[in-house]
Amino acid sequence: MGLAVLGILPLSGRLTRNLTLLTRSAEELAKGNLDVHVPVRSRDELGQLASSFNRMALQLKDGQARLLEQERLRKELEMCRRIQEELLPREPLFCKFARVQGTSFPAREVGGDFFNYFELPGGNLALLVGDVSGKGVAAALLMASLQATLSARLPLASSLSEMAEQLDDEIARSTPPELFLTLFVAVLNSRERRLRYVNAGHNTQYVLLGDGRLHRLESTGRPLGLLPGGGYVEQSITLDVGDSIFLYTDGLVETQSGAGEEFGAERLERLLTRERKSSLDRLIARAESAV
């Protein structure tokens, strides 16, 4: 028994010291010290426990670094979203002959959908809505660049089809193949009430006629930057007092219900027919509510 006691005392003392060291290290880890490290002094169970503790501390440190990086990216994306919102019209535009209003609800922090409206020299009105392929920062950057380009060129463009052809070539040369965009761009003449437009692969847009009919503004060319060189055709339609134009991107009609059913163009057309005499505020609110 004496020999046993003499053998147990050193062993129990070493075990107690190692457990105390592990306990103190765990307390340091709980306080947020992720650099804590336990010396591995043996290959027995205590040594394996110390090794496991060190791996856990290292994994926690790596995980915290990833969380901090994700938070940094989230804040940067939030800033990008705010900047992107500033690029879109924030207030309705009141002209002598028309009123224009729009809204946007991005599916992510940033994306490639955009719209704009502004008066041109001579009193005409520029209208455009587009959708850059994909989502995220790359689409948002191309969207911002195109917003600036279109705002600068539309006041000088005598032909919308020629302007679309130039953009088609420039986008194909300066962006990766997977980036392209659909675009509906139009100029509304203030005196003649004639709407000239090019629909570069965008969804069918609508004119809500006063007699209850819908006039469809179909595509007149391929998306910009996708298989360039196909050319674009400029179309026109003369509007009457009381007619309205409804422009949108594919996010509206491709929104799915919980059961996977798309909102769809037919449902949109029924809504537009039903609400054709509504104010702009009501029409936009009804469309948003339906989606």
Side-chain angles (χ1 to χ4, degrees), residues 87-89 93-102 112-133 139 141-177 179-209 214-241 243-250:
L87 296 175
L88 302 178
L93 175 62
F94 295 90
C95 304
K96 294 180 179 179
F97 62 99
R99 177 186 175 190
V100 195
Q101 185 173 338
D113 290 25
F114 66 94
F115 69 94
N116 205 351
Y117 44 79
F118 50 90
E119 288 190 86
L120 296 170
N124 294 335
L125 181 64
L127 303 168
L128 57 98
V129 59
D131 181 11
V132 179
S133 61
L141 288 173
L142 181 55
M143 181 275 273
S145 174
L146 284 165
Q147 281 271 58
T149 300
L150 288 166
S151 296
R153 294 188 182 182
L154 269 173
L156 306 174
S158 58
S159 170
L160 296 179
S161 59
E162 291 180 3
M163 186 187 71
E165 290 172 4
Q166 293 172 359
L167 289 173
D168 183 38
D169 181 63
E170 291 171 6
I171 293 171
R173 286 189 289 104
S174 60
T175 61
L179 280 182
F180 57 90
L181 80 147
T182 64
L183 175 69
F184 180 91
V185 56
V187 173
L188 180 59
N189 185 284
S190 59
R191 294 184 301 274
E192 302 173 359
R193 295 198 299 270
R194 186 167 63 93
L195 183 77
R196 299 186 295 115
Y197 69 91
V198 165
N199 186 341
H202 201 67
N203 296 80
T204 297
Q205 308 295 284
Y206 296 101
V207 175
L208 287 65
L209 300 174
L214 288 179
H215 181 83
R216 296 170 178 80
L217 307 178
E218 307 282 358
S219 174
T220 64
R222 289 195 288 257
L224 299 173
L226 179 67
L227 303 175
Y232 299 89
V233 177
E234 180 180 304
Q235 301 280 14
S236 67
I237 177 176
T238 300
L239 304 179
D240 203 351
V241 175
D243 291 346
S244 300
I245 307 165
F246 187 85
L247 310 178
Y248 66 99
T249 62
D250 59 4

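Bear in mind that the values here come from a model prediction, so they are computed numbers and not experimental data.
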Distance check, rounded to the nearest 0.5 Å: [X] atom [atom1] versus [Y] atom [atom2]?
X	Y	atom1	atom2	value
Arg173	Thr175	CZ	OG1	10.5 Å
Leu181	Thr249	CG	OG1	12.0 Å
Ile171	Leu224	CD1	CG	4.5 Å
Leu239	Arg194	CG	CZ	11.0 Å
Asn203	Asp250	CG	CG	5.0 Å
Ser159	Glu165	OG	CD	7.5 Å

Kindly give the heavy-atom pair with the smallest separation between [X] and [Y], and that separation in Å.
X	Y	result
Leu217	Phe184	CD1-CZ, 3.5 Å
Thr182	Gly201	CG2-O, 3.1 Å
Thr220	Gln235	CG2-CG, 3.6 Å
Glu192	Thr238	O-CG2, 3.8 Å
Tyr232	Ala200	CE2-CB, 3.7 Å
Tyr197	Glu218	CE1-O, 4.1 Å

Give every donor-acceptor pair under 3.5 Å between a side-chain atom in residues 117-125 and any protein atom, sequence neighbours left out.
unit_1	atom_1	unit_2	atom_2	d
Tyr117	OH	Glu91	O	2.9
Asn124	OD1	Ser190	N	3.1

Next on the checklist: I need the single residue from Asn116, Val198, Asn199, Leu127 that forms a side chain to side chain contact (heavy atoms under 4.5 Å, CB included) with Val185. Which is it?
Outcome noted: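 The single option meeting the side chain to side chain contact (heavy atoms under 4.5 Å, CB included) with Val185 is Val198.
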Next on the checklist: With side chain to side chain contact (heavy atoms under 4.5 Å, CB included) as the criterion, how do Leu167 and Arg153 come out once you've worked through the C-alpha distance, each side chain's angles and the decisive distance to 0.1 Å?
Outcome noted: CA-CA 10 Å; Leu167 289 173; Arg153 294 188 182 182; 3.8 Å; yes
Next on the checklist: Is the ring pair His202/Tyr248 parallel, tilted or perpendicular, if the boundaries are 30 and 60 degrees?
Outcome noted: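 If you compare the ring of His202 with that of Tyr248, the planes turn out tilted.
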Next on the checklist: Run Gln147 and Leu88 through side chain to side chain contact (heavy atoms under 4.5 Å, CB included) and show every step you take.
Outcome noted: CA-CA 9 Å; Gln147 281 271 58; Leu88 302 178; 3.7 Å; yes
Checklist entry - Are Met163 and Leu156 side-chain neighbours, meaning at least one heavy-atom pair lies under 4.5 Å? => result no
Checklist entry - Can Arg216 and Tyr206 be said to form a side chain to side chain contact (heavy atoms under 4.5 Å, CB included), step by step? => result CA-CA 5 Å; Arg216 296 170 178 80; Tyr206 296 101; 3.8 Å; yes
Checklist entry - Is the backbone N or O of Leu160 less than 3.5 Å from a side-chain atom of Glu234, with the two atoms forming a donor-acceptor pair by type? => result yes
Checklist entry - Would Arg222 and Asp168 count as a side chain to side chain contact (heavy atoms under 4.5 Å, CB included) if you check the C-alpha gap in whole Å, the side-chain angles of each, and the deciding distance to 0.1 Å? => result CA-CA 9 Å; Arg222 289 195 288 257; Asp168 183 38; over 6 Å; no
